[in-house]
Colleague: 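Have a look at this one.
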Amino acid sequence: MSQHPRIFLSSPHMSGKEQQYIHDAFETNWIAPLGPNVDSFEQELAAYTGVRDAAAVSSGTAAIHLALRLLDVRAGDTVFCSSLTFIASANPILYQGAEPVFIDSEPETWNMSPYALERALSEAEVMPKAVIVVNLYGQSAKMDEIVAICDRYGVPVVEDAAESLGAEYKGKKSGSFGKFAVFSFNGNKIITTSGGGMLVSNDEEALRKARFLATQARDPAQHYQHSELGHNYRMSNILAGVGLAQLEVLDERVAARRAVFDRYVEAFGHVDGIDFMPEIDGTLHNRWLTTLTLDREKVGFTPLELIDRLAEENIEARPVWKPLHLQPLFEGAKYYAHTDNRSVSNELFENGICLPSGSNMTIEQQDRVIHFINGMLKE
Ligand SMILES: *Cc1c(COP(=O)(O)O)cnc(C)c1O
């Protein structure tokens with residue numbers, strides 16, 4: 001094992017101002033419940049995203065769950081979801097006892113294929129209650145096409161923007177396209193509160209309901225009265241303070257991640273058999289993770305071999321998400337591939353790799369990764 005300090009895939013990057021907001025919370029004893037940091041974090045994130053309102057919650061997963069509850073997803077319903085994503089995108093479908101139908105990616109964004117979505121909707125006997133569209137690794141899905149298709153069928157879009165905070169699509173911020181959108185502030189995301197999430201929407205009434213559901217659905221009575229099932233999903237005022245400081249440096253974090261990506265492209269962009277995840281015209285990819293595919297015939301090794309070799313150097317790399325239609329948990333779920341004879345998410349899973357991409361990576365650390373991979377390419 002290498003004696004070098006570990007290079008992480010994506011580690012928390014504090015700005016230094018977080019403790020000021022935490023200090024304010026302590027000074028005023030706004031430790032809980034909620035408080036001024038939560039209010040400010042919600043308002044500032046909504047303003048940044050260009051939506052009317054935002055509700056701060058305990059995780060991105062909780063935010064997706066609330067979105068599905070607001071869309072009245074129940075047992076027996078179906079919900080469509082991108083297949084190539086982290087499991088958290090779809091787990092809330094099961095929380096509601098509903099059935100997921102998975103939609104493949106298309107090659108230009110690696111995100112939901114409008115062709116597959118159209119086929120799935122045209123063949124559906126009953127319309128899904130929602131379509132969960134993921135913006136993978138910080139690249140927006142083809143929102144114009146997807147929103148147009150969903151509008152035509154009258155199905156609301158939930159934008160899973162957990163990985164794409166700060167990204168843009170045709171001049172608008174990621175997270176401003178669905179009926180609801182969701183962000184995550186988990187430790188490995190582009191900004192973090194150590195753990196947390198946000199549900200955003202232009203429907204302020206719906207977000208009032210979200211806040212109600214997220215605080216145990218307590219009726220407006222002095223005694224403790226409950227008519228609906230609720231959750232304990234709100235964000236603490238201390239963590240929202242961390243989020244406020246992180247939001248101030250979000251654009252810097254996007255720039256830093258994009259610079260890491262640029263260095264990898266400079267190093268390997270010309271190599272036959274290496275293809276980076278594309279950034280389509282009219283979008284700004286936040287490059288949360290630099291991801292690429294390897295042609296094993298041309299480069300002489302597989303993604304898993306590269307990951308193992310990097311691990312020996314104390315460098316963390318990961319495969320691309322295993323598609324949800326291949327997960328044992330979702331065995332038997334319906335799946336619509338991009339075309340009859342091409343499943344893009346399977347290809348990306350087999351050939352894809354995520355390289356260390358943190359905004360706090362030093363040039364020396366970037367060089368260590370690049371130098372090692374260059375060495376493997378020459379073997
Ligand atoms: C991280 C992530 C989530 C879940 O967010 P948590 O805050 O960890 O619950 C959901 N969807 C995607 C695509 C993610 O990457």
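Atoms within each ligand, like the ligands themselves, are counted from 1 in listed order. The basis for the numbers below is simple: all heavy atoms, side chains too, and nothing from hydrogens, waters or symmetry mates.
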Colleague: Checking E252 side chain against V249 main chain: does a donor-acceptor pair fall under 3.5 Å?
Modeller: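 No, E252 side chain to V249 backbone: no donor-acceptor pair under 3.5 Å.
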
Colleague: Tell me, please: is G196 in heavy-atom contact with ligand 1, that is, under 4.0 Å?
Modeller: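 Distance cut 4.0 Å: G196 passes for ligand 1.
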
Colleague: For ligand 1, is there an N or O atom under 3.5 Å from any N or O atom of T85?
Modeller: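 No, T85 has no N/O under 3.5 Å of an N/O on ligand 1.
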
Colleague: By number and element, which atoms of ligand 1 are closer than 4.0 Å to a non-hydrogen atom of A88?
Modeller: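 Under 4.0 Å from A88, ligand 1 has these atoms: 3 (C), 4 (C), 10 (C).
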
Colleague: Kindly determine whether E118 and Y153 satisfy side-chain hydrogen bond (donor to acceptor under 3.5 Å, both in side chains), including the steps that lead there.
Modeller: CA-CA 9 Å; E118 173 79 55; Y153 286 90; 2.9 Å; yes

Colleague: Would you say I64 has any N or O atom under 3.5 Å from an N or O of ligand 1, going by distance alone?
Modeller: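 N/O-N/O distance under 3.5 Å: no.
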
Colleague: For ligand 1, is there an N or O atom under 3.5 Å from any N or O atom of D160?
Modeller: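 By distance alone, the answer is yes.
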
Colleague: Could you tell me whether some N/O pair between W288 and ligand 1 is separated by less than 3.5 angstrom?
Modeller: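 There is no such contact.
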
Colleague: Measure from the ring center of Y169 to the ring center of F177 and say whether it is less than 6.0 Å.
Modeller: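 Ring centres of F177 and Y169 closer than 6.0 Å.
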
Colleague: So between G60, A63, A90, whose heavy atom ends up nearest atom 6 (P) of ligand 1?
Modeller: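 Of the listed residues, G60 has the closest heavy atom.
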
Colleague: Evaluate the side-chain proximity of L355 to F261: yes if any heavy-atom separation is below 4.5 Å, no if none is.
Modeller: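 A side-chain contact under 4.5 Å is absent here.
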
Colleague: With heavy-atom distances below 4.0 Å as the criterion, list the atoms of ligand 1 near S184.
Modeller: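 Numbered from 1, ligand 1 contributes 1 (C), 5 (O), 6 (P), 7 (O), 8 (O).
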
Colleague: Who gets closest to atom 8 (O) of ligand 1 by heavy atom: V182, I87, N186?
Modeller: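 Closest candidate by heavy-atom distance is N186.
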
Colleague: Centre of Y336's six-membered ring, under 6.0 Å away, within 45 degrees of the axis: is that where NZ or CZ of R119 sits?
Modeller: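 Negative - R119 is either too far from the ring of Y336 or too far off its axis.
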
Colleague: Flag the pair F102 / H325 as yes when their ring centroid distance falls below 6.0 Å, and as no otherwise.
Modeller: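 No, too far apart.
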
Colleague: Between F41 and F185, is the gap from one ring center to the other below 6.0 Å?
Modeller: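 Yes, the ring of F41 comes within the 6.0 Å limit of the ring of F185, centre to centre.
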
Colleague: In the protein, what heavy atom is nearest to atom 15 (O) of ligand 1, and what distance, to one decimal place, separates them?
Modeller: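 The closest heavy atom on the protein side is E163 OE2, 2.5 Å.
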
Colleague: Is S89 in contact with ligand 1, taking contact as a heavy-atom separation below 4.0 Å?
Modeller: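 Yes, that is the case, since the closest heavy atom of the residue is under 4.0 Å from the ligand.
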
Colleague: In ligand 1, which numbered atoms sit nearer than 4.0 Å to a non-hydrogen atom of A162?
Modeller: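 Going through ligand 1 atom by atom, the ones under 4.0 Å from A162 are 2 (C), 3 (C), 10 (C), 11 (N), 12 (C), 14 (C).
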
Colleague: Please work out whether the ring planes of F276 and F268 are parallel, tilted or perpendicular, with thresholds of 30° and 60°.
Modeller: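 The rings of F276 and F268 lie parallel, inter-plane angle below 30°.
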
Colleague: Out of all atoms in ligand 1, which are within 4.0 Å of some heavy atom of T61? Include the element for each.
Modeller: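 In order of numbering, the contacting atoms are 4 (C), 5 (O), 6 (P), 9 (O).
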
Colleague: If you measure from the Lys or Arg side-chain nitrogens to the Asp or Glu carboxylate oxygens, is any gap between K334 and E99 under 4.0 Å?
Modeller: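 Between E99 and K334 there is no salt bridge, as every charged N stays at least 4.0 Å from the carboxylate O atoms.
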
Colleague: Provide, to 0.1 Å, the distance between atom 2 (C) of ligand 1 and the closest protein heavy atom, together with that atom's residue and name.
Modeller: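 Nearest neighbour among protein heavy atoms for atom 2 (C) of ligand 1, to 0.1 Å: K189 NZ, 2.7 Å.
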
